[in-house]
Amino acid sequence: MKANEVSKLTERPISTLRFYERKQLIPEQFITRDDNNYRVYKAGVVEYLQDVRMLLTLGFTVQELTVLISESSATEKKALVTGKIKYIEELEAKLEASKAFLKDVMEGKAKFQAQCKSNSSF
């Protein structure tokens, strides 16, 4: 696959693919060169890049991703992933507290306001 096809399938600009390559986030096993020295991406790169995108969305830094795909120790990789799981659990707790607060607002139990009218859009 050429870069433009990978770009379309991953919804990532070609410049992002180049950035990933410079940061060694795309392993060499996924890239070859054709006779004109153009990059050719091998099968599996789209799924791999979707995983990279998810990890970035979860808050992993480029440096942390480099550790995850490198030959780093399993202990180091496990510590990174465990840290993100803990972060997500803390975020879930904050979201749950926010949801409970908003329910209190809706029911007029919040200290800062009067009760919402029953004919309101809530």
Side-chain angles (χ1 to χ4, degrees):
M1 260 183 286
K2 298 282 186 188
N4 63 349
E5 187 176 356
V6 173
S7 173
K8 287 177 188 173
L9 291 171
T10 60
E11 299 176 343
R12 289 281 170 250
I14 293 173
S15 60
T16 298
L17 298 177
R18 302 286 185 264
F19 173 77
Y20 289 170
E21 288 177 39
R22 282 192 308 276
K23 296 296 183 177
Q24 299 178 335
L25 292 180
I26 303 176
E28 291 179 16
Q29 70 196 40
F30 288 117
I31 305 170
T32 59
R33 298 281 181 160
D34 67 9
D35 293 337
N36 295 322
N37 205 30
Y38 291 118
R39 290 169 183 84
V40 177
Y41 294 91
K42 295 182 181 179
V45 74
V46 171
E47 292 81 9
Y48 172 83
L49 290 171
Q50 288 169 337
D51 287 348
V52 167
R53 186 176 183 177
M54 175 60 77
L55 291 167
L56 289 168
T57 300
L58 293 171
F60 282 89
T61 65
V62 169
Q63 184 178 6
E64 289 170 331
L65 287 178
T66 302
V67 170
L68 287 178
I69 65 171
S70 72
E71 298 296 322
S72 298
S73 72
T75 303
E76 189 176 3
K77 292 177 183 183
K78 186 176 179 179
L80 278 174
V81 173
T82 301
K84 291 303 176 191
I85 291 171
K86 183 178 178 186
Y87 166 76
I88 289 170
E89 289 170 346
E90 290 168 356
L91 187 56
E92 285 176 328
K94 288 178 184 177
L95 289 171
E96 218 28 67
S98 296
K99 187 167 90 174
F101 173 74
L102 289 174
K103 285 181 179 180
D104 285 348
V105 168
M106 214 164 50
E107 295 170 6
K109 296 177 183 176
K111 304 260 189 267
F112 78 94
Q113 59 142 59
Q115 184 172 0
C116 295
K117 297 179 181 177
S118 60
N119 62 356
S120 69
S121 59
F122 286 115

Given the rule that I, L, V, M, F, W and Y join up when any side-chain heavy atoms are under 4.5 Å apart, are Ile26 and Ile14 in one cluster? no
Give a yes or no answer on whether the side chain of Lys84 reaches the backbone of Gly59 with a donor-acceptor pair at less than 3.5 Å. yes
Nearest-0.5 Å distance, CD of residue Glu21 to CD1 of residue Ile31: 3.5 Å
Can you tell whether the side chains of Lys99 and Glu96 come within less than 4.0 Å, N to carboxylate O? yes
Heavy-atom nearest pair, Ser7 first then Leu17, reads N-CD1, 3.9 Å
Are Phe101 and Leu91 connected in a single hydrophobic cluster, I mean Ile/Leu/Val/Met/Phe/Trp/Tyr linked by side-chain heavy atoms less than 4.5 Å apart? no
To the nearest 0.5 Å, what is the distance between CG on Leu80 and CD on Gln63? 9.5 Å
Looking at Val62, Thr61, Leu68, Leu25, which hits side chain to side chain contact (heavy atoms under 4.5 Å, CB included) with Leu55? Leu68
Side chain of Asn36, backbone of Tyr38: donor and acceptor closer than 3.5 Å? no
Hey, is NZ on Lys42 packed in by over 12 heavy atoms from elsewhere, all under 6.0 Å? yes
Shortest non-hydrogen contact from Asn37 to Arg33? O-NH1, 2.8 Å
Separation between CZ (Arg18) and CZ (Arg12), nearest 0.5 Å, reads 15.5 Å
Backbone of Ser70 reached by a side-chain donor or acceptor of Lys77 within 3.5 Å: yes
What I'd like to find out is whether the side chain of Val6 reaches to under 4.5 Å of the side chain of Arg39, using heavy atoms alone. no
Do you know which two heavy atoms are closest between Ala3 and Tyr41, and how far apart they sit? CA-CE1, 3.6 Å
Examine Met54 and Phe19 and state if one hydrophobic cluster contains both, with Ile, Leu, Val, Met, Phe, Trp and Tyr joined whenever side-chain heavy atoms are less than 4.5 Å apart. yes
Applying side chain to side chain contact (heavy atoms under 4.5 Å, CB included), run through Thr66 and Gln24 and close with a yes or a no. CA-CA 7 Å; Thr66 302; Gln24 299 178 335; 5.6 Å; no
Can you tell me how far the CG atom of Leu56 sits from the CG atom of Leu65, to the nearest 0.5 Å? 5.0 Å
Atom CG of Leu9 and atom CG of Leu49: how far apart are they, to the nearest 0.5 Å? 10.0 Å
List the steps and the verdict of side chain to side chain contact (heavy atoms under 4.5 Å, CB included) for Asp34 and Lys2. CA-CA 10 Å; Asp34 67 9; Lys2 298 282 186 188; 2.6 Å; yes
Can you list everything that forms a ring-ring contact (aromatic ring centres under 6.0 Å, His included) with Phe60? Sequence neighbours excluded, please. none
CA sep, side-chain torsions, deciding dist, call: Thr10, Arg53, side chain to side chain contact (heavy atoms under 4.5 Å, CB included): CA-CA 9 Å; Thr10 60; Arg53 186 176 183 177; 5.9 Å; no
Take atom CD of Gln29 as the centre, draw a 6.0 Å sphere, and report whether it contains more than 12 heavy atoms from other residues, nucleotides or ligands. yes
Roughly how far, to the nearest 0.5 Å, is CD of Glu92 from CD1 of Ile85? 10.5 Å
Using side-chain contact (heavy atoms from CB on, under 4.5 Å) as the criterion, list what pairs up with Ser73, not counting sequence neighbours. Thr75, Glu76
Test ring-ring contact (aromatic ring centres under 6.0 Å, His included) applied to Phe30 - qualifying residues, sequence neighbours left out: Tyr48
